[in-house]
Amino acid sequence: AAADDDDDREVQLVLTNRFAEKMEEEISAGTSLYVETKELVISVLRVIPIVAGDDINLVSILRAGKKHAKLKNNTALEAQIKKILDALKKLEGEGSVTKEDEYSEFLREIALEVANRAAVREQQKKEIKRLTVTRQNLREHQEYLNTQIEQYQNYLQDCRKKQQAGASKGKKKKSKQLFDADGNAIDEPQMLGPFKFSHAKLSDKGVLVESDVPSLVRKKTQFEISSSTPGEYRVQCKIAGKEVGAELLELDSLLEMHESGLPTIELENVVLSVPLTLAMINKFFLLSGGKKKL
């Protein structure tokens with residue numbers, strides 16, 4: 001019974017072609033030689049003078065090339081032609097080319113490849129020209145956009161100046177007009193503030209989200225916000241009347257953060273609510289008239 005079981009077992013054999021790798025190497029070598037020979041012929045055809053009306057075939061061309069090489073004492077060309085002839089013999093032995101038609105099929109393939117390369121080069125030239133025009137158009141458009149951005153920024157800055165000037169109307173102290181070296185009037189910066197807020201007030205209103213200020217001194221902590229340049233707001237932190245830190249808030253940065261959905265902004269010792277800070281700046285620095293109360 002044991003012998004019967006052994007007879008019924010399946011046997012799986014893996015067959016390996018021992019010649020496959022060698023065949024692939026031979027095919028690869030033959031293909032490489034074929035391609036290399038074509039490249040050699042193309043480079044030689046560039047320097048061999050061909051007279052119109054002559055019998056054009058590869059054998060006659062190479063024969064004329066050998067004469068031309070000897071006449072011009074061009075040993076490099078002579079060596080290339082010899083290499084081509086040797087390669088053609090090997091390829092003929094492999095059956096890739098035949099001398100019976102004077103390698104006309106091989107020469108036809110070379111002519112087609114040269115024509116194809118010329119077409120590719122022409123296409124590349126057209127593409128380069130198209131890309132050059134596109135790049136120039138993009139540069140011109142970029143210059144136009146830069147001009148538009150500059151005009152917009154100037155307009156925005158002018159609006160901020162006028163808005164801030166309107167917010168400070170009635171508080172401006174008369175001062176002597178200043179002039180530059182050319183006699184042009186200098187716009188004196190409009191100082192707004194400082195507006196003072198206690199730590200507790202900002203925290204109760206939700207403007208102050210987090211604070212690293214020690215709890216023991218928070219009752220004596222005060223924040224002062226002022227602006228001498230439209231769009232820029234200096235925040236001072238004072239404890240018992242003594243300044244312990246100051247930072248600059250920029251309206252553009254706050255607006256960008258708000259647009260991006262960022263809820264808070266971190267300063268040195270505190271974290272502020274972005275939307276409520278914007279509301280506070282709008283109320284105290286941008287809106288004119290009315291009672292300023294947080």
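Bear in mind the structure is a predicted one, so any value in this text is a computation, not a measurement. Both backbone and side-chain heavy atoms feed into the values below; hydrogens, waters and symmetry mates do not.
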Peer 1: Any salt bridge linking E102 with R63? Criterion: basic side-chain nitrogen under 4.0 Å from a carboxylate oxygen.
Peer 2: no
Peer 1: Counting only heavy atoms not in H258 (residues, nucleotides, ligands), do more than 12 fall under 6.0 Å from its NE2?
Peer 2: no
Peer 1: If every non-hydrogen atom of L88 is compared with every non-hydrogen atom of V97, which pair is closest and at what distance?
Peer 2: O-CG2, 3.8 Å
Peer 1: Applying salt bridge (Lys or Arg N to Asp or Glu O under 4.0 Å), run through E105 and R108 and close with a yes or a no.
Peer 2: CA-CA 5 Å; E105 183 62 25; R108 189 182 73 82; 2.8 Å; yes
Peer 1: If you measure from the Lys or Arg side-chain nitrogens to the Asp or Glu carboxylate oxygens, is any gap between D86 and K82 under 4.0 Å?
Peer 2: yes
Peer 1: Closer than 4.0 angstrom, basic N to acidic O: yes or no for E127 and R130?
Peer 2: yes
Peer 1: Determine, step by step, whether R117 and E113 satisfy the salt bridge (Lys or Arg N to Asp or Glu O under 4.0 Å) criterion, reporting the C-alpha distance in whole Å, the side-chain angles of both residues, the deciding distance to 0.1 Å, and the verdict.
Peer 2: CA-CA 6 Å; R117 289 183 186 181; E113 186 160 336; 2.7 Å; yes
Peer 1: Does the ring centre of F223 sit less than 6.0 Å away from the ring centre of F197?
Peer 2: no
Peer 1: Testing the basics here: between A69 and E78, what is the closest heavy-atom pair and its distance to 0.1 Å?
Peer 2: CB-N, 3.9 Å
Peer 1: Closest approach of L192 and F285, non-hydrogen atoms and distance?
Peer 2: CD1-O, 3.6 Å
Peer 1: Taking E232's backbone N and O only, do any of them form a donor-acceptor pair with T229's side chain (distance below 3.5 Å, no angle check)?
Peer 2: no
Peer 1: Can you see which heavy atom on L276 is nearest to which on V207, and at what distance?
Peer 2: CD1-N, 3.8 Å
Peer 1: Do we see a donor-acceptor contact under 3.5 Å between the side chains of Y233 and E247?
Peer 2: no
Peer 1: Determine whether the side chains of N137 and T134 contain a donor N or O and an acceptor N or O closer than 3.5 Å.
Peer 2: no
Peer 1: If I compare all heavy atoms of D101 with all of S104, which pair ends up nearest, and what's the gap?
Peer 2: OD2-OG, 2.9 Å
Peer 1: For V209 versus S273, what's the shortest heavy-atom pair and its separation?
Peer 2: CG2-N, 3.6 Å
Peer 1: Should L248 and L208 be counted in the same cluster of Ile, Leu, Val, Met, Phe, Trp and Tyr side chains packed under 4.5 Å apart?
Peer 2: no
